[in-house]
Amino acid sequence: MTEGTTSAAAEGDTLTRLEQEGEIAADYLEGLLDIADLDGDIDMDVEADRAAVSIISDSSGRDLQKLVGRDGEVLEALQELTRLAVHRETGDRSRLMLDIAGFRAQKREELSELGAKAAAEVKSSGEPVKMDPMTPFERKVVHDAVKAAGLRSESEGEEPQRFVVVLPA
């Protein structure tokens with residue numbers, strides 16, 4: 001087997017594993033929606049080497065907001081429970097991302113803008129900028145936005161007060 005064939009086979013195995021994670025997560029979340037008597041459709045995808053599962057609604061999505069909670073707290077907890085359900089079935093740790101009613105997608109946009117603004121401030125002042133504490137998901141989005149702006153950033157502090165520092169080039 002050539003190196004390219006080996007690499008393609010490994011990518012295929014990874015994709016299959018991530019799709020399996022998505023299927024397990026979807027089954028778990030469908031059961032949860034049934035128990036909670038909530039309407040929602042499950043959408044599965046693979047993004048950036050991780051399974052991505054979304055619960056979407058045809059209606060206004062007010063019912064699904066209960067599953068998001070204040071500042072996404074319930075969403076974070078459901079993501080961890082879903083990851084545990086995947087772990088129980090596969091034996092492997094999951095990095096699955098869960099989105100409900102577009103909350104994470106909207107949050108990702110807002111955080112990307114915030115990271116870009118912080119990078120612009122650092123470029124103009126030459127001084128590091130410390131941001132407010134964020135969840136791991138939020139920090140990752142900000143780090144990506146800062147990197148896209150050509151700067152670097154670091155996370156500092158201890159959970160739950162861990163924050164991003166945007167550094168000059």
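No hydrogens, no waters, no symmetry mates; every other heavy atom, side chains included, goes into these values. All values reported here derive from a predicted model rather than from experimental measurement.
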S.K.: Do any N or O atoms from the side chain of Lys66 and from the backbone of Leu38 form a donor-acceptor pair under 3.5 angstrom?
M.R.: no

S.K.: Salt bridge between Arg139 and Glu154, side-chain N to carboxylate O under 4.0 Å?
M.R.: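 Answer for the salt bridge query: no.
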
S.K.: Given 3.5 Å as the limit, does a donor-acceptor pair link the side chain of Ser54 with the main chain of Ile56, or not?
M.R.: no

S.K.: Check whether any side-chain heavy atom of Leu29 sits under 4.5 Å from a side-chain heavy atom of Leu81, and report yes or no.
M.R.: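 Of all side-chain heavy-atom pairs linking Leu81 with Leu29, none is under 4.5 Å.
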
S.K.: Using the side chain to side chain contact (heavy atoms under 4.5 Å, CB included) criterion, which residues pair with Glu30? Sequence neighbours excluded.
M.R.: Asp27, Ile42

S.K.: Please report the shortest heavy-atom distance between Asp71 and Phe103, naming the atom on each side.
M.R.: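 Smallest interatomic distance, heavy atoms only, reads C-CZ, 3.8 Å.
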
S.K.: If we only count heavy atoms from C-beta on, is the Glu47 to Met97 side-chain gap below 4.5 Å?
M.R.: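 Heavy-atom side-chain distance check fails, nothing below 4.5 Å.
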
S.K.: Taking 4.0 angstrom as the limit, do Arg17 and Asp13 come out as a salt bridge?
M.R.: no

S.K.: For atom NZ of Lys147, decide whether the heavy atoms of other residues, nucleotides or ligands shown that lie under 6.0 angstrom number more than 12.
M.R.: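 12 or below, so no.
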
S.K.: Atom CG in Asp99, atom CG in Leu75: separation rounded to 0.5 Å?
M.R.: 6.5 Å

S.K.: For residues Gln79 and Glu76, determine if any side-chain heavy atom of one lies less than 4.5 Å from a side-chain heavy atom of the other.
M.R.: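 Yes, side chains in contact.
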
S.K.: Below 4.5 Å, heavy atoms only, C-beta onward: do Met131 and Val146 meet side chain to side chain?
M.R.: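 The answer is no, as the side chains (C-beta and beyond) never meet within the 4.5 Å cut-off.
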
S.K.: What's the verdict on salt bridge (Lys or Arg N to Asp or Glu O under 4.0 Å) for Glu21 and Arg93, showing C-alpha distance, side-chain angles and the deciding distance?
M.R.: CA-CA 10 Å; Glu21 281 187 24; Arg93 184 178 174 275; over 6 Å; no

S.K.: Return the minimal non-hydrogen interatomic distance between Leu151 and Pro168, and the atom names on each side.
M.R.: CD2-C, 4.1 Å

S.K.: Under 4.5 Å between side-chain heavy atoms, hopping through other hydrophobics if needed: is there a path connecting Ile100 to Leu33?
M.R.: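 Ile100 and Leu33: one cluster.
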
S.K.: Step by step, would you call Lys107 with Thr135 a side chain to side chain contact (heavy atoms under 4.5 Å, CB included)?
M.R.: CA-CA 12 Å; Lys107 191 79 167 172; Thr135 67; over 6 Å; no

S.K.: For residues Phe137 and Leu111, report the shortest heavy-atom separation together with the two atoms involved.
M.R.: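 Taking every non-hydrogen atom into account, CE2-CD1, 4.4 Å.
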
S.K.: Hey, are the side chains of Glu159 and Pro136 touching, using non-hydrogen atoms and a 4.5 Å cut-off?
M.R.: yes

S.K.: Of all heavy-atom pairs between Leu64 and Ser57, which one has the smallest distance, and what is that distance?
M.R.: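 Smallest interatomic distance, heavy atoms only, reads CD1-CB, 3.4 Å.
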
S.K.: Answer yes if Phe163 and Val122 sit in the same cluster of Ile, Leu, Val, Met, Phe, Trp and Tyr residues linked by side chain heavy atoms under 4.5 Å apart, and no otherwise.
M.R.: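 No; Val122 is not reachable from Phe163 via cluster members.
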
S.K.: Would you check, one step at a time, whether the test side-chain hydrogen bond (donor to acceptor under 3.5 Å, both in side chains) holds for Ser153 with His143?
M.R.: CA-CA 6 Å; Ser153 57; His143 285 304; 2.5 Å; yes

S.K.: Treating Ile, Leu, Val, Met, Phe, Trp and Tyr as nodes and any side-chain heavy-atom pair under 4.5 angstrom as an edge, say whether Leu96 and Tyr28 lie in one connected cluster.
M.R.: yes

S.K.: Quick one: pull up CD in Glu109 and CG in Leu114 and give me the separation to the nearest 0.5 Å.
M.R.: 13.5 Å

S.K.: Just wondering, are more than 12 heavy atoms of other shown residues or ligands nearer than 6.0 Å to CG in Asp37?
M.R.: no

S.K.: Looking at side-chain heavy atoms only, is the closest gap between Leu98 and Leu78 below 4.5 Å?
M.R.: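 They are in contact (side-chain heavy atoms under 4.5 Å apart), so the answer is yes.
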
S.K.: Establish whether Val142 and Val165 are linked, either directly or via other cluster members, by ILVMFWY side-chain heavy-atom contacts under 4.5 Å.
M.R.: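 No: no chain of side-chain contacts under 4.5 Å links Val142 to Val165.
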
S.K.: In Å and rounded to the nearest 0.5 Å, what is the OG1 to CD distance from Thr14 to Glu19?
M.R.: 11.0 Å

S.K.: Answer yes or no: does atom CD of Glu80 have more than 12 heavy-atom neighbours from other residues, nucleotides or ligands under 6.0 Å?
M.R.: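 Counting other residues, nucleotides and ligands, CD of Glu80 exceeds 12 neighbours.
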
S.K.: Does the side chain of Ser112 reach to within under 4.5 Å of the side chain of Val141, using non-hydrogen atoms?
M.R.: yes

S.K.: When rounded to the nearest 0.5 angstrom, what distance separates CG in Asp49 from CZ in Arg95?
M.R.: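 Answer rounded to 0.5 Å: 7.0 Å.
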
S.K.: State, yes or no, whether a side-chain contact exists between Met44 and Glu23 at a heavy-atom distance under 4.5 Å.
M.R.: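 Heavy-atom side-chain distance check passes, below 4.5 Å.
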
S.K.: So, for Ala145 and Ala116, which heavy atoms are closest and what is the spacing to 0.1 Å?
M.R.: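 Between these two residues, the closest heavy atoms are CB-N, 4.1 Å.
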
S.K.: When rounded to the nearest 0.5 angstrom, what is the spacing between CG in Asp92 and CZ in Arg83?
M.R.: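 Answer rounded to 0.5 Å: 14.0 Å.
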
S.K.: Tell me the closest heavy-atom pair linking Arg162 and Gly157, and the distance in Å.
M.R.: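 In terms of heavy atoms, the two residues are closest at NH1-O, 2.7 Å.
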
S.K.: Do Met134 and Val74 land in one hydrophobic cluster if side-chain heavy atoms of ILVMFWY residues count as linked below 4.5 Å?
M.R.: no

